[in-house]
Amino acid sequence: MNARSQIERLRDRGYVVVPGFVPALQAKKLNAAARAQFAARIDPLEFEADLQYPGAPRSHTEAGGETVRRLLDAYGRDPEFAEIATSPRVRGWMETYFGEAVMLSRAHHNCLMTKHPLYGSLTGWHRDIRYWSFEREDLVSAWFAFGDETVDNGALWFVPGSHKAAFDADRFDDAKFFRADRADNAAILRTAESPRLASGDAVFFHCNTLHSAGKNLSDAVKFSLVYTYHGGSNAAKAGTRSASKAEIALPPGG
Ligand SMILES: O=C(O)CCC(=O)C(=O)O
């Protein structure tokens, strides 16, 4: 599939997997850099205990309480992470999707996502846009795998086509998670798919696509890198968290 077909698939289904998007050597370097940052516990970090998703330790003082979930500001951590975020390949892909110059948000995602086998939590069904504030609900995230991502180690699940659906507010709970306990929601969730990923694979998904991720039932920590992009004309609303950090403009290419 070329980039245009991939983008068509994203528009149609709300997500698309691009196998081998990151060259093998680059994926290896990114993986090594991620592990080094994780081992050294380099700030800024976000902890499972802070989020309190299902399965997370209840406090920083109980077993697993210091388990890291996200290494924040991936862009600023290491030149390897900045390079992939702004690489000509990503820029070209996003430019084709948005049809204009592209901005990388440093306020959303922009992190190394980890999932710990013992203390990593699951993430309920949600749309990323729920806490984001832009002129238009049109942003795309790029998720890069550094190893196998499967149902067993907490891979992502997506509901195909859900980015186009209009849901009333009562389909979501107070924290804006899609309520799996409702029969109408459950029927939709039965159509979800969990694509298997390998090192170097990318998943592009729309900010309105319903997605979730399971617990890590393997014996190894899972690492992924995720960035969010939008078109230059789709500004973050002033005074919101989305506008709280200077963005990175991806210089338009030929
Ligand atoms: O890896 C996970 O648990 C899913 C993360 C996710 O969906 C998110 O941060 O929006």
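Quantities reported herein were computed from a predicted structural model and do not represent experimental measurements. Below, each value reflects all heavy atoms present in this structure, side chains not excepted, and no hydrogens, waters or symmetry copies. Whatever order the structure lists ligands and atoms in, that order sets their numbers, starting from 1.
Under a cutoff of 6.0 Å and an axis angle of 45°, Arg89 and Phe21 form a cation-pi pair. Judged by a 6.0 Å distance limit and a 45° cone about the ring axis, Arg69 is not positioned over the six-membered ring of Tyr119.
Each of the atoms 8 (C), 9 (O), 10 (O) of ligand 1 lies under 4.0 Å from some heavy atom of His109. Listed by number with element, the atoms of ligand 1 under 4.0 Å from a non-hydrogen atom of Ala213 are 1 (O), 2 (C), 3 (O), 4 (C). The ligand atoms of ligand 1 that sit less than 4.0 angstrom from a heavy atom of Arg70 are 8 (C), 9 (O). For ligand 1, the atoms closer than 4.0 angstrom to any heavy atom of His211 are 7 (O), 10 (O). Near Arg69, with a cut-off below 4.0 Å to any heavy atom, the atoms of ligand 1 are 2 (C), 3 (O).
Considering every non-hydrogen atom in both Phe81 and Leu30, the closest pair reads CD2-CD2, 3.4 Å. Taking every heavy atom of both residues into account, Met94 and Ala142 meet most closely at CE-CB, 4.2 Å. The two residues Asp170 and Arg182 come nearest to each other via the heavy atoms O-NH1, 3.2 Å.
Side chain of Asn110 to main chain of Ala74: a donor-acceptor pair is present (N/O by atom type, distance under 3.5 Å, no hydrogens or angles).
In Asp219, the CG atom is not crowded: 12 or fewer heavy atoms of neighbouring residues, nucleotides or ligands sit closer than 6.0 Å.
Phe204 has its ring centre no less than 6.0 Å from the ring centre of Tyr229.
Tyr15 pairs with exactly one of Phe158, Trp143, Trp157 by the ring-ring contact (aromatic ring centres under 6.0 Å, His included) rule, that one being Phe158.
Nearest protein neighbour of atom 3 (O) of ligand 1, counting heavy atoms only, is Thr123 OG1, 2.5 Å. Ranking protein heavy atoms by distance to atom 5 (C) of ligand 1, first place goes to Met113 CE, 3.8 Å.
Contacts between Arg130 and ligand 1 below 4.0 angstrom, taking non-hydrogen atoms only, are absent altogether. Contacts with ligand 1 closer than 4.0 Å are made by side-chain heavy atoms of Asp128 only, the backbone lying farther away. At a heavy-atom cutoff of 4.0 Å, ligand 1 is contacted by no atom of Lys215, backbone or side chain.
Using a non-hydrogen distance threshold of 4.0 Å, Lys222 does not register as a contact of ligand 1.
Considering backbone and side-chain N/O atoms, Trp143 never comes within less than 3.5 Å of an N/O atom of ligand 1. Here's the thing with His126: one of its N/O atoms is less than 3.5 angstrom from an N/O atom of ligand 1.
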